[in-house]
Amino acid sequence: MSSEAWLIRKAKKGDTKAYGELIQLHKDYFYRNAFCYVKNVDLAGDVFQEAVTIGMLSIKDLKNPNYFRTWMTRIIYNCANEMFRKAEKEIGNLDAEIWDRAEENGGASREEIIDLHNAVESLEEPYRTIIKQKYFEDKKISEIAAYTGRAEGTVKSDLSRAKRKLKLILEEG
């Protein structure tokens with residue numbers, strides 16, 4: 001029995017250390033797969049982390065230990081797809097919220113709202129998500145940090161960078 005098969009057997013019995021060693025054996029492969037799906041370094045890390053968590057919680061359901069890498073790759077693929085579905089839903093909700101906010105704030109022109117929407121959408125991740133959550137969903141820094149899985153200090157500095165980038169985009173446009 002190979003050491004990998006032995007680790008898989010232990011992990012299936014609930015040994016989290018064995019599971020961690022399995023992930024370490026294949027982490028480069030798993031991360032590359034995540035990156036191939038999302039095409040973004042930060043998002044690939046998020047997808048990888050989510051997939052590792054899901055895999056740990058469900059490894060007992062792995063039927064054939066020979067297909068561990070394939071099984072984890074499928075989890076990565078599903079996590080990436082779920083992330084895309086959530087992003088599409090956020091964008092749809094954002095359109096309605098932008099119009100509602102404009103009415104509440106004295107009625108910005110349609111062109112200004114479209115420019116703002118386009119500027120926010122042109123931001124790369126994680127800046128786009130942070131701006132949307134802070135200013136369109138009125139979330140606190142701590143809530144954004146919990147949602148994104150980042151430290152509060154990182155969220156604050158990313159928010160500051162995002163605002164500077166957004167300002168530059170709007171000034172150029």
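Closest of all the heavy-atom pairs between S122 and A119 is OG-O, 2.8 Å. The two residues I144 and V155 make their nearest non-hydrogen contact at CG2-CG1, 3.7 Å. Residues A34 and A44 share a closest heavy-atom pair of CB-O, 3.6 Å. Shortest non-hydrogen contact noted between V120 and L166 is N-CD1, 3.7 Å.
Here the straight-line distance linking atom CG of L22 with atom CG of L7 works out to 5.0 Å at 0.5 Å rounding. Taking CG of L159 as the start and NZ of K134 as the end, the distance is 6.5 Å to the nearest 0.5 Å. Going from atom CZ of R161 over to atom CD of E124 covers 10.5 Å, rounded to the nearest 0.5 Å. Here CD1 of I141 is found 10.0 Å from CD of E143. Values are rounded to the nearest 0.5 Å. Atom OG1 of residue T16 and atom CD of residue E21 lie 10.0 Å apart, to the nearest 0.5 angstrom. Distance check, rounded to the nearest 0.5 Å: NZ of K165 to CG of D158 gives 9.5 Å.
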Review item, side-chain donor-acceptor pairs of residues 50-63, under 3.5 Å, at least two apart:
from, atom 1, to, atom 2, distance (Å)
T53, OG1, Q49, O, 3.1
S58, OG, I54, O, 2.8
K60, NZ, L57, O, 2.9

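Under the 4.5 Å side-chain criterion, counting only non-hydrogen atoms from C-beta, P126 is in contact with D42. Between M72 and Y29 the shortest side-chain heavy-atom distance does not fall below 4.5 Å. You'll find the side chain of M83 stays beyond 4.5 Å of the side chain of C79, heavy atoms only. Considering only heavy atoms from C-beta on, N118 stays 4.5 Å or farther from I169 through its side chain.
For the 3.5 Å distance criterion, the side chains of T129 and Q133 fail to qualify, holding no donor opposite an acceptor.
Ring geometry for F30 against F68 counts as perpendicular: the plane angle is over 60°, on a 0 to 90° scale with 30° as the lower cut.
A salt bridge is defined here as a Lys NZ or Arg NE, NH1 or NH2 lying under 4.0 Å from an Asp or Glu carboxylate O, and E121 with K132 meets this definition.
Both tests hold for K139 against Y147: distance to the six-membered ring centre under 6.0 Å, angle to the ring axis within 45°.
A distance-only check finds a donor-acceptor pair linking the side chain of Y31 to the backbone of V41 [under 3.5 Å].
Within the structure, side-chain hydrogen bond (donor to acceptor under 3.5 Å, both in side chains) contacts touching residues 71-81 (residues at least two apart or in different chains) are Y77-N81.
Within a 6.0 Å sphere centred on OH of Y67, heavy atoms belonging to other residues, nucleotides or ligands number 12 at most.
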